[in-house]
Student: 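Structure below; questions to follow.
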Amino acid sequence: MPMDKTFNAAEAEARLYDAWEKAGAFRAGANASRPETFCIMIPPPNVTGSLHMGHAFNNTLQDILTRWHRMRGFDTLWQPGQDHAGIATQMVVERELAKSGQPGRREMGREAFLEKVWEWKEQSGGTIVNQLKRLGASCDWSRNAFTMDPNFQRAVLKVFVDLYEKGFIYRGKRLVNWDPHFETAISDLEVEQVEVNGNMWRLRYPLADGATYRHPVAFDEEGRPTEWEERDYLTVATTRPETMLGDTGIAVNPSDERYAHLIGKEAILPLVGRRIPIVADDYADPSKGTGAVKITPAHDFNDWGVGQRTGLRAINVMSGRATMFLVENPDFTEDCTPSDEALALDGLDRHEARKRIVALAEEQGWLDGIDQDRHMVPHGDRSKVAIEPMLTDQWFVDTAKIVQPAIDAVRTGRTEILPERDAKTYFHWLENIEPWCISRQLWWGHQIPVWYGLDIWPARFEDDGDDTLDEVEIFELLEDGAFNHADPTHHCAFDFEGVSEKFLDDLASLPQPLNNARVIEVASRAEAIDRLAQALADYNLNEDPTHLVYPVWRDPDVLDTWFSSGLWPIGTLGWPEETAELARYFPTNVLITGFDIIFFWVARMMMMQLAVVNEVPFKTVYVHALVRDEKGKKMSKSLGNVLDPLELIDEFGADAVRFTLTAMAAMGRDLKLSTARIQGYRNFGTKLWNACRFAEMNGVWEGHATQAAPPAATATVNRWIIGETGRVREEVDAALAAYRFDSAANALYAFVWGKVCDWYVEFSKPLFDTEAAAETRATMGWVLDQCMILLHPIMPFITEDLWATTGSRTKMLVHTDWPSFGAELVDPAADREMSWVISLIEEIRSARAQVHVPAGLKLPVVQLALDAAGREALARNEALILRLARLEGFTEAASAPKGALTIAVEGGSFAIPLEGVIDIGAEKARLAKTLEKLEKDMAGLRGRLGNPNFVASAPEEVVDEARTRLEQGEEEGAKLSAALARLSEIA
RNA sequence: GGGCGGUUAGCUCAGCGGUAGAGCACUACGUUGACAUCGUAGUGGUCACUGGUUCGAUCCCAGUACCGCCCA
């Protein structure tokens, strides 16, 4: 059955992908013929996500490297998988529940909710995998991993325990970025700064104990105060009046003469009545605002720092949902008697509280004024709500302790980051790294492997010395709830069994019978208190120590998603088991990822792999840029400029989309994607398709079989294209080895379209009628095979389909050996000859077109003076020159006939008689224009060669080349001038 | 404010000390043994600006302007 006119991507893609999968073509090690391994870890997409342009780009590049290495015989693994994406997924599922009118997460409880999440994962988790398959991604799907797989969970928990035991993880009450929408802490990196229009409110805080001072109110030209007023208050400025309820101090700069004398005195916090000290700190900038800053250590990062330095208390005045938390807040009411107006704010949203406080300040006369202000407000990158700095207990990775090996690895080149400038970003971030908050108040994720127990033997409780618990002591414990006042103790272990042992060790030192209590797991601290109290009460009655229990509860929080994806390289390869894959493929070869997650992911993988297995996770990191729309805007749903890769694949085929992304993948530069470009590369696929179709029509594929070595050829044309093929193979390999994907694509485009289709196919047409026909068929078959092979990593579908419909094949293209021939195939003589032939044809075509010779008209041609090389070239290639230049029959003459076109080429010239047909004016203009251009070039060359410094200092070959070019140019110029002179004789 | 980039044809971008390139768009012609998802020919550039280094600068260095991105 003859081939169709175009490749039917829609029909073929699914069929071909299926065939690859059925053949196990993508399995780890498939087609391996050499010992070297090649491994890429996919940056795991969110399990509930869908393919966007960034994924398409990222995965195309990975697939190219993977397919290329696999064809070269490397033992290749492209490890796929998905990320559970804590916040994102939990958000999606909660939204789904709300949409379908089901009870919310809190109503159904943790266990039921997690079931829903797993259901959702089952339902939508395959989407992205199928979309990657549509793109042609040749991952080993049999090894598909998920960050919530049981073995991956084990790895994550084990690493947590490991890092905890090494002292790299700690728990602490710190100010964190709190997302009031999701009610969880988030890391610095998940916060975006958004500039907003707001106000700066000036508030007057009265000084305590009747203190007053003179405050300057007018100044002379040099800024010296000239007038003062007596004040009994201090004015502070704030963008967030609602935080004033948590103020515990006022900072002034010690060098600020206006206020320095107040340092050590106190002010009274309006509404609250709290006495707050005036402290000295450089954070207060005399030139900003009023120069006096209210300090709320529990709700502002800068204030926290001031508080730490000056010993101020931190009072949290908000709940996790950013509503005011006052009435039952002992910290808030300690040492003061808040007004009723203040207590009435309890439970209000922070924004509402702000309005009320400003209104109260105005009413009560302590609002000094309002200035409009534009400032940055931190927002959650997922929730888009304003972040609330919040004082909470969280888990942190002490990054300072593990960062150095990650820095050194890149400095010393163990891992290389490309392009180089991204290494700078990497260093900059790592060298200024902050502790990493890794606990999240979410349900979907890896629950922290830490259990808490009541501190039942706090220091203030004293045993009477007999090491047994008597009735009085039990009563004391129960009644006072002594253990209820101390902070819980905690232990970290891989599982409950492990942690039980640790608690048992603690209990061993306690009095009888507590030292024999059984450790049990309960849900919460409250339940633990109940159970323990109950157990003690029972013991008091029955004195049976075997029923005594020591209840512990697990930390309800989960780990930051990036903590688990930080283990992706070892986790997917089976760590902590010593698997064969781990031994073989780790460290992996290259990571291909977007610049936006250098901090989130790359840096953390480096730190964690080095901390856990003391090895870099990958040898090379290739960082790519963003795919933007054709105007350079970031694609976003709200702008409506999102290009859906799947729609593009439907319209143009996966190969066209892939080729476009590849050709645009210049290192470190954003891609501006337009459909026109994709269409162009779809056409490129069609071009190759039709070249193969042409070959089919000319019997090229009859009896054709895959062959590594080029056929022996004698015809110059065939020798030439074989050499060109050798060149392009070297070029493609060099480009891919250097991650110059764009160079590889462009070299192939220029070769396949510009050399094979434009010239070689045309040259072959007359050759099929000569004795060189068989050789030409063999050459064409071999060359087209090489096109398919070399293009396969970029355009896998069309090439595999062509492979199957042409010749007889022992293997699918996906496993066909990558060629190793190179420029040794170039025959310099053939190269020179074909360059000459091509330029002759181009000259003639150009001349014809410019003097408006009808395209279809065949013209005779007269050969004038011609050197030996030219004569030989002409003799060997006469048929194709006649055909492509639309000429008929060469004759020889000593001089050009009147009214003829003149064609000057290296080594001679030709004339095309056009008596009566020629437009003499046009021909004169053409010659004059050509001469002018030539003269300009020659003038430049003469200038250079006339400069003794150039001849003396420039490399010899540059000087020689300039001389040769000048000679040739002058020769050509002479011919053109002569022709021009002849024409002038006529008209 | 700190850091990192960019500025080359109408558009999108390569290039990079020694003759300025590609694709798209545009103009004219054209169905010639595959391809109109095509062919042939052509138009189009003070390589942002100013200095410097060099025999020679689009390329290296310094500065200026404008535009991006990241971090405060």
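Note that the structure is a prediction, hence the values are computed from the model and not measured. Letters A, B, ... mirror the listed sequences (proteins, then strands); counts begin at 1.
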Student: Which nucleotide sits closest to the side chain of A/Lys424: B/rG23, B/rU40, B/rC4?
Tutor: B/rC4

Student: Taking the side chain of A/Ser846 as heavy atoms from C-beta outward, which of B/rA34, B/rA41, B/rG33 is closest to it?
Tutor: B/rA41

Student: Find the distance A/Leu767:CG to B/rA34:P and express it as a whole number of Å.
Tutor: 16 Å

Student: Whether A/Trp753 contacts B/rU37 is assessed here as follows: a side-chain N or O lying under 4.0 Å from the phosphate OP1 or OP2. Is that the case?
Tutor: no

Student: Which listed nucleotide (B/rU19, B/rA34, B/rU37) is nearest to the side chain of A/Arg682?
Tutor: B/rU37

Student: Distance check, C1' atoms only: B/rU7 and B/rU64, in whole angstrom units.
Tutor: 13 Å

Student: How about A/Asn177 and A/Pro389: do any of their side-chain heavy atoms sit closer than 4.5 Å?
Tutor: no

Student: Out of B/rC69, B/rU12, B/rC35, which nucleotide sits closest to the side chain of A/Phe595?
Tutor: B/rC69

Student: Please give the distance between the C1' atoms of B/rG10 and B/rC4 as a whole number of Å.
Tutor: 30 Å

Student: Looking at the side chain of A/Arg677, which of B/rG33, B/rG18, B/rG23 is the nearest nucleotide?
Tutor: B/rG23

Student: Suppose you measure atom C1' in B/rG18 against the same atom in B/rG56; what distance do you get, rounded to whole Å?
Tutor: 7 Å

Student: What is the pairing partner of B/rA57, taking Watson-Crick or G-U wobble pairs with both distances under 3.5 Å in any strand?
Tutor: none

Student: Could you tell me how far B/rU46 sits from B/rA65 if I compare only their P atoms? Round to whole Å.
Tutor: 24 Å

Student: Answer yes or no: side-chain N or O of A/Arg886 and base N or O of B/rG30 forming a donor-acceptor pair under 3.5 Å.
Tutor: no

Student: Assess, by modelled atom type and distance only, whether the side chains of A/Gln968 and A/Thr964 contain a donor and an acceptor separated by less than 3.5 Å.
Tutor: no

Student: Does a donor on one side chain and an acceptor on the other come within less than 3.5 Å for A/Asn690 and A/Arg693?
Tutor: yes

Student: Separation of A/Met376 atom CE from B/rC70 atom P, in whole Å?
Tutor: 11 Å

Student: Which part of the nucleic acid, if any, lies within contact of A/Arg848, taking any heavy atom under 4.0 Å across all strands shown: a base, the sugar-phosphate backbone alone, or nothing?
Tutor: nothing

Student: Suppose we define a pair by two distances each less than 3.5 Å, Watson-Crick or G-U wobble; what does B/rG21 pair with here?
Tutor: B/rC13

Student: Mind checking who B/rC47 pairs with, Watson-Crick or G-U wobble, both distances under 3.5 Å?
Tutor: none

Student: Considering only heavy atoms and no angle criterion, is a donor-acceptor pair shorter than 3.5 Å present between the side chain of A/Glu843 and the base of B/rA41?
Tutor: no

Student: Just by distance, no angles: are the side chains of A/Asp655 and A/Tyr681 close enough, under 3.5 Å, to form a donor-acceptor pair?
Tutor: no

Student: Within the structure shown, what part of the strands sits under 4.0 Å from A/Gln968 by heavy-atom distance: base, sugar-phosphate, or nothing?
Tutor: nothing

Student: Could you state the atom-to-atom distance from OH of A/Tyr426 to C1' of B/rC70 in whole Å?
Tutor: 18 Å

Student: Report the residue (A/Arg965 or A/Tyr681) whose heavy-atom-nearest nucleotide on RNA chain B is the more 5′ of the two.
Tutor: A/Arg965

Student: For B/rC24 and B/rC61, measure between their P atoms and round to the nearest Å.
Tutor: 34 Å

Student: Do the side-chain N or O atoms of A/Arg693 get closer than 4.0 angstrom to the phosphate oxygens (OP1, OP2) of B/rC38?
Tutor: no

Student: Figure out the NE2/P separation between A/His852 and B/rC29, and round it to whole Å.
Tutor: 9 Å

Student: Honestly, is A/Lys687 close enough over A/Tyr749, meaning NZ or CZ under 6.0 Å from the six-membered ring centre and within 45° of the axis?
Tutor: no

Student: CG of A/Leu884 versus P of B/rG33: gap in Å, rounded?
Tutor: 11 Å

Student: Using atom CD of A/Glu762 as one end and atom C1' of B/rC38 as the other, report the distance to the nearest whole Å.
Tutor: 11 Å

Student: What interatomic distance, in whole Å, is found between C1' of B/rA22 and the corresponding atom of B/rG15?
Tutor: 10 Å

Student: Between B/rG39, B/rA41, B/rG33, spot the one nearest the side chain of A/Glu842, thanks.
Tutor: B/rA41

Student: Contact class for A/Asp769 (heavy atom, under 4.0 Å): base, sugar-phosphate, or nothing?
Tutor: base

Student: Only one of A/Arg942, A/Arg963, A/Lys975 clears salt bridge (Lys or Arg N to Asp or Glu O under 4.0 Å) with A/Glu970; which?
Tutor: A/Arg942

Student: Please report the distance separating the P of B/rG45 from the corresponding atom of B/rU8, rounded so that it comes out in whole Å.
Tutor: 14 Å

Student: In whole Å, what is the span from the CZ atom of A/Arg942 to the C1' atom of B/rU19?
Tutor: 15 Å

Student: Which listed nucleotide (B/rC35, B/rG30, B/rC55) is nearest to the side chain of A/Phe950?
Tutor: B/rC55

Student: Using a heavy-atom cut-off of under 4.0 Å over every strand shown, decide if A/Asn432 touches base, sugar-phosphate, or nothing.
Tutor: nothing

Student: Identify, between A/Arg845 and A/Asn690, the residue whose nearest nucleotide on RNA chain B lies closer to the 5' end.
Tutor: A/Asn690

Student: So which nucleotide from B/rG18, B/rU37, B/rG30 ends up closest to the side chain of A/Asn683?
Tutor: B/rU37

Student: Can you tell me the distance, in whole Å, between the CZ atom of A/Phe684 and the P atom of B/rC24?
Tutor: 12 Å

Student: Within the 4.0 Å heavy-atom criterion, would you say A/Pro955 contacts the bases, only the backbone, or no part of the nucleic acid?
Tutor: base

Student: Looking at the base of B/rA36, is there any donor atom on it, or on the side chain of A/Lys5, that sits under 3.5 Å from an acceptor on the other one?
Tutor: no

Student: Taking the six-membered ring for Trp, are A/Phe741 and A/Tyr622 closer than 6.0 Å centroid to centroid?
Tutor: yes

Student: Both distances under 3.5 Å, Watson-Crick or G-U wobble: report the partner of B/rA65, or none.
Tutor: B/rU7

Student: Could you give the distance separating B/rA57 and B/rC47 at their C1' atoms, to the nearest angstrom?
Tutor: 11 Å

Student: At under 4.0 Å between heavy atoms, what does A/Asn947 touch on the DNA or RNA strands: base, sugar-phosphate, or nothing?
Tutor: sugar-phosphate

Student: Using a heavy-atom cut-off of 4.0 Å across all strands, would you classify A/Cys757 as base, sugar-phosphate, or nothing?
Tutor: base

Student: Measuring only between side-chain heavy atoms, which start at C-beta, is A/Glu190 closer than 4.5 Å to A/Phe600?
Tutor: yes

Student: Just compare B/rG23, B/rU19, B/rU37 and give me whichever is closest to any side-chain atom of A/Thr686.
Tutor: B/rU37

Student: For B/rG30, give the paired nucleotide (Watson-Crick: N1-N3 plus N6-O4 or O6-N4; G-U: N1-O2 and O6-N3; both under 3.5 Å), or none.
Tutor: B/rC38

Student: When the aromatic ring centroids of A/His624 and A/Phe595 are compared, is their separation below 6.0 Å?
Tutor: no

Student: Is A/Gln850 touching bases, backbone alone, or none of the nucleic acid, heavy atoms closer than 4.0 Å?
Tutor: sugar-phosphate

Student: Among the nucleotides B/rA36, B/rG33, B/rA41, which one has an atom lying closest to any side-chain atom of A/Ala849?
Tutor: B/rA41

